[in-house]
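One structure below.
For the single chain, residues carry numbers from 1 onward in sequence order.
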Amino acid sequence: MAPAKVSGFYKHGNDWFFNAGLPSDLTIIVDGVNFHLHKFPLMSKCGKIASIFEELKSTHDKTFTTKLEEFPGGPDAFLFAAKFCYGIRVEFTARNIIMVYCAADFLEMTDEYGEDNLLLKSENFLHKNVLRNWKDCILALQSCESCMPRAEKLYILKKCLNAVSMMVCTDPSLFGWPMMMYGSLQSPGGSILWNGINTGARIRSAESDWWFEDISYFSVGLFERLIKTMEGRGIRCELLAGAIMYYARKYLPGLGRWQSVQGGKARTVASFSLTPVAVDQKVLLESIEMLLPKKKGKSFCRFLLGLLRVASILGVNQTCQDSLERRIGMQLELASLDGLLIPSYSDSDTLYNTDCVERIVHHFVSLESGLTLFSPPSLDLESSPSSEPLRKVARLMDSYIAEVASDVNLKPGKLRTLAEVLPESSRPLHDGLYRALDIYFKAHPWLSDGEKEKLCNIIDYQKLSVDACAHASQNERLPLRVILQVLFFEQMHLRMALAGCLNVLEAESAPTGQGEIAGNATAGQIVQRDGWVTVVRENRVLKVDMEKMRSRVGELEEEFSKIKQEMKRVTKSHSSLSSPRVVARKFGCKLLAKSSDAQTDVAGSTGPTPRPSVEKACSSRNSRHRKSFSLF
């Protein structure tokens, strides 16, 4: 196979040669690669080679061999410098500028060994081209891994990082940097081009996270240096946290699978392709934890819980895990139930890592210890702003205990510990604890009544609502002694609530000012003493309904009295109408004064005897009159 010749240089196996027609008198070894060169072109440009030749001149050998240890950039950077020494045209790019700069400094290619030497050319290209362009800066930083110590010593790395940090604070449209939404169709002034014609239309301002994708291609060490540099320049912690979260989600796949991250195309300013770096996920997570700012927020808390879950899988060091738990404890009131349900990846029999959650709650309680947990009787806990985070965490823990209670391997002692980790004043109502215990008893039917009674001791029956008491009094899973206690407190609550409602009614019947004060005080005492807010409200509604019913009853009584008077009047009129004289006068008849006179007149009558038909008609008429009388 013929050796490949490139610009006078060709490679054969693991050796590089220069096609000059003269035998090589200098061999330089760089990372196991042999360069067979000539001493005069290199000595005229490189101070390092000249000093080495002076040391080896006493050997009187025709061929000199030397090895350059820890050469920055490796064989590629040395080949670039060798080409420059031989006068071959070389091209500076953003990808090779840092390693060429470091190689020129290592070889001491200063102006002392030649005008316009490689070191000066490299420095000019870096300052005039790379540090002023976002794309070139990103490419230069990504390609500097092979010469990182030398680049840091020469402050090249610091200059690039400062340049990137400065450009992050600037709208890229102001400098005409290529935007992904328009690609290359943009003029240097920032206007949109159409067929090469300046349309005059300005691109819209980039979002604040336009740089997240580009810096995500850095290694962990370089990314860490960049974030610290940005922090030193005063970039807002919200932006830094967003960049860190973006970087973590990209290289920790387990972090993005369970989080609801908005989909869409990656936002980037640099219209170039970069290769993602290979990272150690364990090292990455430990580094990210140290970089995260002290920030609070729902999305940030969810991210921390995701990191803790991945940390349990990767087995990070205890310091990192403790720090994550402490950070989550600082904002536990912003956490969600699904975030706290961290599976147990150790040898534990339980389904969820309850020990971790218990430690997180301990951190939260230690931070909240400065607050006043026990309020005076006149203070309504629901209106206290300082106790709101505590109540949120209490509701969250009740939901968490109810969720893990169905685990058959969960011990009663652990359940009791989780319930008692928060102070007693954090729960105005114990309905959540009762629900969790009911689920636990249902999933553990083999528990004895003694074990159930011990667990039920964590519930304050005076803090159960009406519905919870009604359910508990009919719950067959509870021990009989507990049911009796629930019934006792239920009766006591109802009596006290009714008594308080009556006191409110009596107070409201007093003068206006005193009635309002007494009524509010009594109602406040009921709420403060029993926590039965619903009962008091229902009693107030009943009071309004009773007032309406009372007015309606009064109206009905008034209508009844009117009807009664009317009935009396009608009865009197009916009794007067039913007398025989009135009836006879009404029908035009004249009644006889005495019955004996009537009989005499009938007996002494000498007229003809009436016919049977006439008698029958008279009798029928008389019967009709009797029927009409009976109607009255």
Side-chain angles (χ1 to χ4, degrees), residues 1-59 61-109 113 117-119 122 139-154 156-157 219-222 275 277-280:
M1 180 178 178
K5 297 183 180 181
V6 180
S7 302
F9 280 83
Y10 63 94
K11 186 177 183 181
H12 184 70
N14 204 33
D15 299 325
W16 279 95
F17 299 90
F18 181 72
N19 188 18
L22 297 175
S24 173
D25 56 359
L26 177 63
T27 302
I28 299 177
I29 304 173
V30 178
D31 293 345
V33 179
N34 301 321
F35 290 86
H36 302 278
L37 307 173
H38 305 86
K39 59 183 178 181
F40 291 107
L42 270 70
M43 288 174 58
S44 62
K45 295 288 185 178
C46 305
K48 181 80 170 177
I49 300 298
S51 60
I52 292 175
F53 179 76
E54 289 295 330
E55 294 176 1
L56 298 176
K57 190 169 57 175
S58 59
T59 59
D61 293 335
K62 293 182 179 181
T63 302
F64 299 95
T65 302
T66 183
K67 186 176 183 181
L68 300 180
E69 299 288 349
E70 299 179 357
F71 189 84
D76 295 336
F78 184 80
L79 179 62
F80 188 98
K83 290 179 182 179
F84 182 84
C85 293
Y86 278 93
I88 300 174
R89 183 178 179 275
V90 291
E91 182 181 3
F92 293 94
T93 64
R95 294 185 185 273
N96 65 15
I97 183 59
I98 293 183
M99 71 175 185
V100 170
Y101 194 122
C102 294
D105 179 77
F106 184 89
L107 294 173
E108 300 175 10
M109 301 179 69
Y113 294 92
N117 209 343
L118 183 60
L119 185 60
S122 302
L139 289 174
L141 284 171
Q142 192 194 30
S143 60
C144 73
E145 294 293 334
S146 60
C147 52
M148 185 76 74
R150 173 74 59 167
E152 190 170 354
K153 181 181 178 181
L154 296 175
I156 302 174
L157 188 62
S219 64
V220 178
L222 188 59
T275 304
V277 294
V279 298
D280 185 343

Task: N19 side chain to Y10 backbone, donor-acceptor under 3.5 Å - done: no
Could you pull out all residues at least two apart from [X] that satisfy ring-ring contact (aromatic ring centres under 6.0 Å, His included)?
| X | result |
| --- | --- |
| F84 | none |
| F92 | F80, F125 |
| F106 | F71 |

Task: Residues which pass salt bridge (Lys or Arg N to Asp or Glu O under 4.0 Å) with K153, listed by chain and number, not counting sequence neighbours - done: none
Task: Partners passing salt bridge (Lys or Arg N to Asp or Glu O under 4.0 Å) against E152 (at least two apart in sequence or in another chain) - done: R225
Would you name the heavy atoms of [X] and [Y] that are closest together and state the gap between them?
| X | Y | answer |
| --- | --- | --- |
| C147 | M99 | SG-CA, 3.6 Å |
| N34 | T27 | CB-CG2, 4.4 Å |
| M109 | C85 | CE-SG, 3.7 Å |
| K39 | F64 | NZ-CE1, 4.1 Å |

Pairwise distance [atom1]([X]) to [atom2]([Y]) - rounded to 0.5 angstrom:
| X | Y | atom1 | atom2 | value |
| --- | --- | --- | --- | --- |
| L26 | L37 | CG | CG | 6.0 Å |
| C144 | L157 | SG | CG | 5.5 Å |
| F78 | I28 | CZ | CD1 | 3.5 Å |
| I52 | T65 | CD1 | OG1 | 11.5 Å |
| C102 | L107 | SG | CG | 11.5 Å |
| Y101 | I156 | OH | CD1 | 5.0 Å |

Open item on the list: Quick one, N96 and D76 - any side-chain contact, counting heavy atoms below 4.5 Å?
Closed with: no
Open item on the list: With a 4.5 Å cut-off on side-chain heavy atoms, are F35 and P75 touching?
Closed with: yes
- [ ] Apply the test side-chain contact (heavy atoms from CB on, under 4.5 Å) to residues I97 and S122: give CA-CA distance (whole Å), side-chain angles for both, the deciding distance (0.1 Å), then the verdict.
- [x] CA-CA 7 Å; I97 183 59; S122 302; 4.1 Å; yes
Let me check something: any side-chain donor-acceptor pairs from residues 41-49 under 3.5 Å, sequence neighbours excluded? List them with distances.
residue	atom	partner	partner atom	Å
S44	OG	F40	O	3.2
S44	OG	P41	O	2.8

- [ ] Would you mind checking if K67 and E69 are paired as a salt bridge, meaning a charged N to carboxylate O distance below 4.0 Å?
- [x] yes
Open item on the list: Check the orientation of Y86 and F9. Use parallel for under 30°, tilted for 30 to 60°, and perpendicular for over 60°.
Closed with: perpendicular
TODO: Name the orientation class of the two ring planes belonging to H38 and F18 (parallel below 30°, tilted from 30 to 60°, perpendicular beyond 60°).
DONE: perpendicular
